[in-house]
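In listed order, ligands and their atoms are each counted from 1. Keep in mind that the numbers below use all heavy atoms, side chains included, and drop hydrogens, waters and symmetry copies.
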Amino acid sequence: MKTYGFDGDAPQLSGQRKVTSVYVYEAPLRLWHWITVLSIIVLSVTGYFIGKPLPSVPGEATFNYVMGYIRFAHFTAGYILAVGLLGRLYWAFVGNHHAREIILVPVWDKQWWKEFFFEIRWYLFLERYPKKYIGHNPVGQIAMASFLWITLFMCVTGFALYGEGTGAGSWAHSAFGWVIGAFGSSLDVHNWHRLAMWGIVLFVMVHVYAAIREDIMSKQSMISTMVSGFRMFKD
Ligand code: HEM
Ligand code: HEM
């Protein structure tokens with residue numbers, strides 16, 4: 001029977017050699033991860049203030065351009081996030097098979113669901129011994145795949161709003177102008193764009209908790225794996 005994770009010892013290669021580390025995430029994927037982390041932080045902080053602006057101050061607009069800088073930072077980080085996302089999707093085609101894990105989630109596979117529920121029990125402290133995964137575990141896989149879809153949603157709605165500012169004839173308006181009509185109005189797009197941000201904030205909180213928790217409890221490396229690319233199996 002096909003299994004995704006494995007129990008017990010580190011994996012055996014060619015029946016003889018016990019390996020303690022495996023190269024998993026290639027450099028472009030890792031670079032994308034950390035660039036996305038920085039973009040998301042900038043986008044969430046600046047986006048929050050775009051929706052709930054700072055009180056206006058008296059004086060010449062030129063000398064009080066705070067909201068202008070906040071919006072500029074948002075749009076710059078938005079472009080970086082979007083280009084990163086395109087690069088990540090490209091890497092899913094040309095990278096190793098771990099680069100496809102968050103694109104192709106095997107939801108049709110019974111064994112995968114069994115391991116999914118095992119991981120839920122493990123996260124709830126109802127299992128004693130962790131399963132080991134070279135790539136993502138099924139719960140992480142589905143969470144990260146959802147994040148990818150939300151990112152796409154943020155880019156589509158973000159560039160639709162951006163196109164309103166740059167106006168008819170701009171590339172953003174031509175490519176994404178239809179999104180405003182599809183949602184109903186500009187305010188609807190603003191609201192969905194903002195609501196989805198809270199989805200991302202929730203993902204990040206759970207994700208960072210899980211990464212640190214697994215690093216401590218699951219007997220396999222996590223955070224350093226997203227830095228060096230290697231997964232270490234600790235016994
Ligand atoms: C804005 C914050 C973050 C976002 C949006 C984010 C998003 C993601 C995504 C999408 C993946 C899947 C990578 C792929 O397969 O292409 C991932 C993996 C990972 N992230 Fe993050 N991440 C964030 C912050 C962090 C932080 C702060 C840490 C470290 C404490 C971290 C540690 C990891 C690890 C260890 C993995 C690999 C997990 C595994 O091998 O199963 N992430 N992250
Ligand atoms: C994860 C990514 C993103 C987050 C968390 C985020 C967050 C936000 C938030 C909270 C708002 C305020 C909504 C409101 O209440 O009116 C906003 C506005 C906006 N965002 Fe984003 N955003 C993201 C990605 C993008 C991208 C990729 C673009 C594309 C350039 C973009 C462009 C805009 C624009 C044009 C506005 C409206 C600005 C204004 O009305 O002054 N956003 N964003």
Which residue and non-hydrogen atom of the protein lie closest to atom 41 (O) of ligand 2, and at what distance in Å? Arg71 NE, 2.6 Å
Check: Asn137 N/O within less than 3.5 Å of ligand 1 N/O: no
Distance-only donor-acceptor check, side chains Tyr133 and Gln141, under 3.5 Å: no
Is there a polar contact between ligand 1 and Arg231, counting only N or O atoms under 3.5 Å apart? yes
Side chain, backbone, both or neither: which part of Lys52 comes within less than 4.0 Å of ligand 2 when only heavy atoms are counted? neither
Strictly under 4.0 Å, does any heavy atom of Phe203 approach an atom of ligand 1? yes
Protein heavy-atom partner closest to atom 27 (C) of ligand 1 - residue, atom, separation in Å: Val208 CG2, 3.7 Å
Compute the minimum heavy-atom distance from Ile223 to ligand 1 and say whether it is under 4.0 Å. yes
Proximity winner for atom 22 (N) of ligand 1, if only heavy atoms of Met205, His136, His33 are counted: His33
Within 45° of the ring axis of Tyr48 and under 6.0 Å from its six-membered ring centre, is that where the NZ or CZ of Arg194 lies? yes
Please list, in number order, the atoms of ligand 1 under 4.0 Å from a heavy atom of Ile102. 14 (C), 15 (O), 16 (O)
Within a reach of under 6.0 Å around CH2 of Trp113, are more than 12 heavy atoms found that belong to other residues, nucleotides or ligands? yes
Give me the nearest non-hydrogen protein atom to atom 31 (C) of ligand 2 as residue plus atom name, then the distance to 0.1 Å. Gly158 CA, 3.4 Å
Any N or O of Arg88 closer than 3.5 Å to N or O of ligand 1: yes
Is it the side chain, the backbone, both or neither of Met226 that has a heavy atom closer than 4.0 Å to ligand 1? side chain
How close does the nearest protein non-hydrogen atom get to atom 1 (C) of ligand 1, and which residue and atom is it? Val204 CG2, 3.6 Å
His193: which N/O/S atom is nearest atom 21 (Fe) of ligand 2? NE2
Would you say Lys110 has more than 12 foreign heavy atoms packed within less than 6.0 Å of its NZ? no
Of all protein heavy atoms, the one nearest atom 38 (C) of ligand 2 is Ile50 CG2, 3.6 Å
Transitively linked via ILVMFWY side-chain contacts under 4.5 Å: Trp192 with Val156? yes
Side chain, backbone, both or neither: which part of Val37 comes within less than 4.0 Å of ligand 1 when only heavy atoms are counted? both
Where does Ile40 meet ligand 2, judged by heavy-atom distances below 4.0 Å: at the side chain, the backbone, both, or neither? side chain
Going by the closest heavy atom to atom 35 (C) of ligand 2, which one wins out of Trp192, Tyr162, Trp198, Phe147? Tyr162
Looking only at protein heavy atoms, what sits closest to atom 11 (C) of ligand 1 is Met144 SD, 3.6 Å
Looking at side-chain heavy atoms only, is the closest gap between Arg30 and Val227 below 4.5 Å? no
Gap between atom CZ of Phe75 and atom CG of Leu161 - 0.5 Å precision: 8.5 Å
When distances are taken from atom 36 (C) of ligand 2, the protein heavy atom at minimum range is Leu161 CD1, 3.8 Å
So which protein heavy atom does atom 34 (C) of ligand 2 come closest to, and at what separation? Phe75 CE2, 3.6 Å
Sub-4.0 Å atoms of ligand 1 with respect to non-hydrogen atoms of Leu29: 14 (C), 16 (O)
Heavy-atom nearest neighbour in the protein, as seen from atom 30 (C) of ligand 2, with distance rounded to 0.1 Å: Phe159 CE2, 3.5 Å
Does a donor on one side chain sit under 3.5 Å from an acceptor on the other, for Ser224 and Ser228? no
Restricting to heavy atoms, the pick from Met154, His74, His190 nearest atom 42 (N) of ligand 2 would be His74
Contact (N/O only, under 3.5 Å) between Trp34 and ligand 1: no
Cation-pi geometry met for Lys131 and Phe118 (6.0 Å, 45°): yes
Looking only at side-chain N and O atoms, does His74 offer a donor or acceptor that is under 3.5 Å from a partner on Tyr162? no
Can you tell me which residue and heavy atom of the protein come closest to atom 2 (C) of ligand 2, and the distance to 0.1 Å? Leu43 CD1, 3.5 Å
What protein heavy atom lies closest to atom 5 (C) of ligand 2? Include the residue and the distance to one decimal. Met197 CG, 3.5 Å
Heavy-atom proximity to atom 32 (C) of ligand 1, picking from Arg100, Glu214, His207, Met222, points to His207
Is there a nitrogen or oxygen of Tyr25 sitting under 3.5 Å from a nitrogen or oxygen of ligand 1? yes
Whether Arg213 engages the ring of Trp122 as a cation-pi pair (distance to the six-membered ring centre under 6.0 angstrom, angle to the ring normal within 45°) should be assessed. yes
Any heavy atom of Thr157 under 4.0 Å from ligand 2? The part involved is neither
Ring-plane angle category for His207 and His33, please: parallel below 30°, perpendicular beyond 60°, tilted otherwise. tilted
Return yes when Glu101 approaches ligand 1 closer than 4.0 angstrom through a heavy atom, no otherwise. no
Measure the shortest side-chain to side-chain distance between Val139 and Phe116 over non-hydrogen atoms and say whether it is less than 4.5 angstrom. yes
